[in-house]
Structures are given as C-alpha cells and as structure tokens.
Amino acid sequence: MSDFLSQYKRTHTCGELRASNVGQRVTLCGWVQNYRDHGGAIFIDLRDRYGITQLKFDPTVDEAAHQQADRLRSEWVVGVCGTVVSRGENVNPKMATGEIEVLGELLEIFNPSLTPPFEIGDAPSANDNLRLEFRYLDLRRRPLQENLILRSRMNKLTRDYFDSQGFLEIETPILMKTTPEGARDYLVPSRVNPGQFYALPQSPQTLKQILMIAGYDRYFQIARCFRDEDLRADRQPEFTQIDLEMSFVNQNDVFEVLEGLMKAIVEPVTGQPVVTPFPRLTYREAIERYGSDKPDTRFGMELGSLTDILAESQLKVFADVVGSGGVIKAMNVKKGAEFSRSQLDKLTDFVKIYGAKGLAWIKINAEGWQAPIVKFFSDAEKAAIGERLGLEVGDLVLIVADQYRIAHESMGQLRAHLGKTLELADPNRYDLLWVVDFPLFDEADGKLNAMHHPFCNPNPADFELLFSDPGKVRAQGYDMVMNGNELGSGSIRCHRQDIQRRIFELLGIGEEEAEQKFGFFLRALQHGTPPHAGFAVGMDRLVMLLAGATSLRDVIAFPKTQKATDLMMQTPSRPDATQLTELKIRVTQ
RNA sequence: GGGGUGGUAGUUAAGUUGGUUAUAACGCCGGCCUGUCACGUCGGAGGGCGCGGGUUCAAGUCCCGUCCACCCCGCCA
C-alpha cells in the first residue's frame with residue numbers, strides 16, 4: 001500500500017473544478033471512465049460520484065506520470081496530483097468541468113480493475129441479470145447514484161421535519177413476534193430457545209401503539225419492514241416505511257402532519273408546489289368514479305354508470321347482468337374512435353385479466369354510432385348514454401357489465417392503462433389526495449378479513465353494525481394516494497378493549513389465539529391507553545415516484561429479484577449442517 | 001400456482017420458409033498518432049446459439065421439458 005494518501009489529501013471532487021480554479025495545484029481521486037491515447041498526450045476522464053474531470057498527461061510535463069497513464073484502463077482507481085489549466089480553445093460545453101483540465105504530474109494507481117462486463121454509462125447497457133450480479137458496477141452509473149443521493153436527501157428532510165414538529169425517533173426491534181394474519185412472516189430461529197422463532201416485523205404496528213401507551217405521544221421511525229410475499233415492480237420483500245404515531249389527535253390532526261411532511265419533502269425535491277389540504281375522496285366515491293382506491297387524478301376520463309339506463313336493454317347480456325345484481329360501467333375515451341379493431345381486441349384481453357368477461361365498445365363517428373351492439377339500443381337509450389358520458393363525435397365508449405367488484409376493478413385498471421398509453425397525465429404534476437372511510441372488513445368467501453389491519457377503529461357511528469351487519473362497518477382508516485399510487489395508509493386506532501375483542505371475534509381470532517398472539521398488546525391496552533392514531537408512508541415508492549423511476553430496484557441499493565434472491569451475494573443459501581444442528585432444525589428438502 | 005416477454009462472442013443486438021466455415025456494433029488485445037472528449041487509424045483474438053432431450057440427411061431456427069431474469073394475475077392485514 002502506497003503512502004500517496006498520507007502525502008496528498010484529496011483537495012477536490014471530480015465535479016467541482018471550474019475556470020476560477022485555474023493555476024491551482026489539486027489532488028483528485030476516482031475511476032477511469034474513459035481514456036484517449038494520442039501517442040503523445042493521453043486524456044483520461046476521471047469519475048467520482050460528483051462528476052467527471054478530464055486529466056491530461058503530457059510526456060514533456062512528466063515522463064513518469066505519462067508512462068503510468070499509458071497503462072490505465074476502464075474502471076481503474078487512481079489518485080492524481082496536477083495543476084488546473086484552462087482548455088483554451090478546446091472547451092467542452094457538454095461537461096460541467098469542461099472549461100478546465102488537470103495536467104497530471106503524479107499518478108498513483110490505487111487498483112487496477114478487471115474489464116467490466118458492461119459499460120458504465122447513463123443508460124443501462126446490460127440485462128437485469130448481469131446488472132444485479134455486478135450491482136456495485138451498476139451503482140456507479142449516474143442515474144442510480146442520483147437516485148440514492150435523492151433518497152439520502154429525503155431521509156434528512158424527513159428527520160428534520162419530524163424533529164421540527166416535536167416527534168421522537170424511536171427504534172423498534174427487528175426480531176419480533178409472528179402475527180396471526182396479514183402477510184407471511186420471515187422467521188428467524190432462536191438458538192437458545194430451540195424450536196422457537198422470531199419473526200421479522202411486517203411493520204412496527206403493535207410496538208408503536210405501545211409507545212403511545214408508554215406516553216411517547218409523537219413517535220416516528222424510518223422503519224425497515226419485511227413481508228414474505230411475491231414481488232412486483234413496486235413491491236420488495238424488504239422495504240422502508242416512514243412510520244408515525246400520535247396520541248390525543250383526530251383524523252384531521254394526522255392529515256395536517258402528513259400534509260406538512262409531503263410538502264417538506266416534495267417541494268424542495270421537485271420544485272413543484274404541494275397544495276394543502278389535500279382533496280379527500282371517500283372509498284366508495286373513489287371506486288365508483290375511478291374504479292380504484294388509488295386513483296390517478298391528474299386526468300379525468302371518469303367512469304360513468306349505465307346500469308339504470310340499460311337495465312331493460314334489448315341486449316340480453318346487459319339486462320341479465322343488471323337482473324342478477326351487477327352493474328354496467330362505462331368510460332368515454334376522447335378521440336378514441338380512431339382505435340383499430342386489433343387495438344380494441346387488446347383492450348378486451350386487458351380487462352379479462354381482471355375477470356371481466358368482455359369489453360363492449362362504441363365508436364362515435366360523424367355518420368353515427370358504430371359498434372356491433374348499437375342495433376340493440378333504442379334512441380332513448382342512446383340519448384341518455386350520450387348525455388351521461390358527454391359524448392361527442394370522435395369519442396370511444398368502453399363498457400364492462402359485470403358484478404360490482406369486477407366491473408369497477410377492470411374499468412379502473414383500464415382507465416389507468418389508457419392513461420399511461422395515451423399519456424393523459426402531466427408527468428410534472430404531483431396529485432396528492434386522501435381516500436377516507438374504508439370499510440373495516442373485506443368480505444371474501446363469507447369470511448371477514450381486516451381491510452387495513454385489526455387495530456383499526458370502527459367509525460363510532462357504526463359501532464352498532466359490529467353486531468348487526470359487520471360487513472357494512474366503516475373504518476376510521478385512510479390512505480394517501482399520489483398519481484395513482486398508494487403511498488401509505490393509517491387509521492385511528494381502536495383503544496377500547498371491548499371493541500378490539502369484538503373485532504378479533506369477527507376476524508375469527510379466538511380468545512385463546514388472541515391471548516397467545518396478542519396477549520401482550522391486549523394487556524397493554526388495559527393500562528391507560530390514550531386515544532391515538534397513526535400512519536405509514538411507503539418510503540421506497542415515494543422515492544421511486546419522485547425519482548421518476550418505474551421500479552423499486554432503481555431506488556434501493558441492493559434489491560432482490562422477483563424470486564426474492566440477491567444475485568450479487570447469492571442469497572438465500574443453504575446454511576452449514578453445524579448451524580442447523582445448533583438450531584435443532586432439520587431440513588426436509 | 002397461472003399468463004406473457006426475453007436468453008445467440010465480454011456486452012447489446014441481427015439471424016429469411018430448418019441448408020455451405022453464425023453476422024454487426026461496442027468492448028478487449030497489439031501497432032501508429034500531442035487537442036481528444038462516441039478520438040482517429042491499421043491489424044488481431046474471441047461464440048456454436050441458457051441447459052437437457054427429441055424430430056430430421058441437416059436445428060439459434062421445429063417439438064417437449066427445465067433453469068434464470070423481467071412484466072402481470074393470484075398473494076401482499
């Protein structure tokens with residue numbers, strides 16, 4: 001190991017030298033981005049996370065340094081001492097440091113590099129496989145560095161904001177307790193308690209509520225969470241939440257704090273204004289108008305209901321759907337009459353993914369309505385449809401008739417899909433809104449599941465329904481939505497033990513099970529629980545949206561593949577037999 | 001568990017209806033070159049087509065299976 005670094009301190013980064021530095025003697029460190037050997041002069045583009053500076057090695061300036069420079073190849077790490085000189089006529093206006101170059105007088109090769117398997121450029125130059133295997137090389141790319149820099153900045157903005165609002169940052173354990181419902185847990189065996197396991201937290205939910213009971217009335221944490229479920233572009237098994245909980249507050253108080261948080265993060269990062277308070281939509285309204293509980297409100301194209309108009313339709317499929325309690329939802333795609341038959345077929349295939357049996361369409365042409373189904377419509381029906389959807393020549397009507405849930409979901413997905421492909425949303429806009437009044441329960445196969453989580457307070461107005469018609473109970477739960485993405489959710493917590501027990505009962509969690517799984521929590525609730533409420537923001541998604549990325553992998557330093565593996569460290573992997581023996585675990589496969 | 005897309009030199013891609021020694025660009029190696037910044041220029045090396053079967057006189061090209069990556073459905077309180 002050379003003593004270069006004890007003799008020469010790095011004086012500047014590769015992104016900061018300007019014309020005003022000409023004449024200074026500087027020391028830079030970085031990676032060789034590119035080299036151009038002219039036989040005499042050798043030009044090296046030296047890169048670090050701050051930028052790129054051109055080095056010039058001239059044999060008439062320093063023979064030894066020039067000979068060293070002749071050996072340099074892509075991604076070698078070097079330190080260089082030299083003088084900042086003007087490039088004179090040869091300024092490169094494309095580079096921030098393009099007015100100057102550093103005339104190399106002493107070159108230290110810290111380390112050579114193997115030839116990189118792919119080019120370290122702005123655009124990804126290899127498939128995901130290879131990029132993930134050589135993550136450290138992919139992370140050298142400018143766009144990924146910018147994303148991680150943005151993320152770091154957002155972490156600081158978050159901490160500063162909560163600090164300014166009197167919140168305490170409190171860490172909760174990673175080794176937690178398995179939970180009875182929700183996602184699958186990641187389990188960690190306990191060596192000193194053979195046969196027993198910890199679970200990694202799906203969220204710090206119970207502990208942050210216990211912190212309220214303990215009197216820490218304003219808590220936040222940038223918390224790592226773990227869920228063993230299948231992945232998506234916007235879902236990693238290990239992710240980060242901006243988690244918070246507050247005592248003695250109502251829903252509006254929570255909203256105010258979060259609106260302030262979003263303002264504090266989004267405005268400096270995007271330069272776009274965040275208007276507060278955010279608009280509010282009830283869950284039901286969101287579903288009926290947008291077919292989604294996380295609508296993108298940057299564009300219109302809202303869903304309309306044709307159920308009443310077509311209840312008696314000559315078209316048997318429509319009338320039958322209405323007769324059996326279903327609904328008919330429609331959407332007016334402006335200028336959509338130009339869609340080709342094959343495009344419409346693709347849209348039909350699209351809604352089928354979500355369970356719709358088909359997609360009807362009508363083109364509004366100058367000569368009249370064009371569609372296979374038009375002949376079944378009376379003039380009165382056509383007039384009513386035209387008025388309901390605001391139809392004009394050139395429009396395209398898309399219709400799904402199905403059960404309530406399928407009709408709304410498939411049309412909602414279709415609306416989002418068309419919004420993307422037709423570029424209906426302004427990419428520079430950040431539409432934040434609250435979706436409120438979620439149902440407390442989700443009914444599937446006659447069984448009730450918690451829509452949010454089992455500690456969510458029922459709307460006090462609906463307490464009676466907990467005993468008469470639990471499926472209709474509204475929760476004091478709310479989601480934050482931005483540009484069609486669920487950014488987070490929260491609720492007023494249930495702080496009455498009798499209500500909490502009734503909820504467990506309805507969820508099919510028996511006394512004994514509740515005691516075993518949540519006993520600690522139910523006991524805590526009896527020791528002076530303040531009314532409290534909280535929220536959690538999906539940090540990774542927020543970074544992704546503000547970075548303009550389309551995958552969480554682009555905002556997480558070391559992400560997992562869709563099969564939840566890490567191709568760089570090659571995990572998961574089999575433990576040593578001795579480890580398993582110590583843990584008293586036998587692997588059966 | 002299911003649907004879709006992709007896998008061909010180090011990399012990115014092309015490869016006609018199955019048919020002589022599998023193309024290109026970038027990268028890599030060597031020579032020349034003192035104003036390049038996608039440097040230029042001359043020369044060179046490098047793969048048998050993800051893997052395993054099968055059909056055929058003949059298979060990147062067709063069939064079956066399998067692995068990996070990505071997107072989606074289910075799943076994700």
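All chains are named by letter (A, B, ...) in the order of the sequence lines, taking the proteins before the strands, and each is independently numbered beginning at 1.
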Minimum-distance nucleotide (side-chain atoms of A:Gln54 versus B:A69, B:U36, B:C71): B:U36
Sugar-phosphate, base or nothing in reach of A:Thr565, heavy atoms under 4.0 Å: sugar-phosphate
Sugar-phosphate only, base, or nothing, as touched by A:Asp128 at under 4.0 Å among non-hydrogen atoms: sugar-phosphate
Touch class at under 4.0 angstrom, heavy-atom based, for A:Glu101 against every strand present: base
Under 4.0 angstrom between A:Lys56 side-chain N/O and B:U34 OP1 or OP2: no
Counter-base of B:G40, judged by Watson-Crick or G-U geometry with both distances under 3.5 Å: B:C32
Distance-only side-chain donor-acceptor flag, A:Glu63 / A:Gln67, under 3.5 Å: yes
Sugar-phosphate, base or nothing in reach of A:Met95, heavy atoms under 4.0 Å: base
side-chain N/O A:Tyr35 vs B:C28 OP1/OP2, d < 4.0 Å: yes
Modelled atom types, side-chain donor and acceptor of A:Gln241 and A:Ser203, under 3.5 Å: no
Pairwise P distance for B:G50 and B:G6, with rounding to whole Å: 13 Å
Presence of donor-acceptor pair under 3.5 Å, side chain of A:Asn127 and base of B:G7: no
A:Arg227 (side chain) and B:C75 (base): donor-acceptor pair under 3.5 Å: no
Sugar-phosphate, base or nothing in reach of A:Lys94, heavy atoms under 4.0 Å: sugar-phosphate
Rounded distance in Å - CZ (A:Phe118) to P (B:G7): 19 Å
A:Arg232 side chain near B:C73 phosphate (N/O to OP1/OP2, under 4.0 Å): yes
Any A:Ser74 side-chain heavy atom under 4.5 Å of A:Thr115 side chain: no
B:U12 base / A:Glu119 side chain donor-acceptor hit below 3.5 Å: no
N/O (side chain, A:Thr550) to phosphate O (OP1/OP2, B:C71) under 4.0 Å: no
Sugar-phosphate only, base, or nothing, as touched by A:Pro454 at under 4.0 Å among non-hydrogen atoms: base
Spacing of the C1' atoms in B:C62 and B:U56 (rounded, Å): 10 Å
Assigned partner base of B:G6, Watson-Crick or wobble definition, under 3.5 Å: B:C68
Under-3.5 Å donor-acceptor pair between A:Arg87 side chain and B:C37 base: yes
Pair of N/O donor and acceptor under 3.5 Å linking B:G27 base with A:Arg73 side chain: no
Pairing partner of B:C62 (Watson-Crick or G-U wobble, both distances under 3.5 Å): B:G54
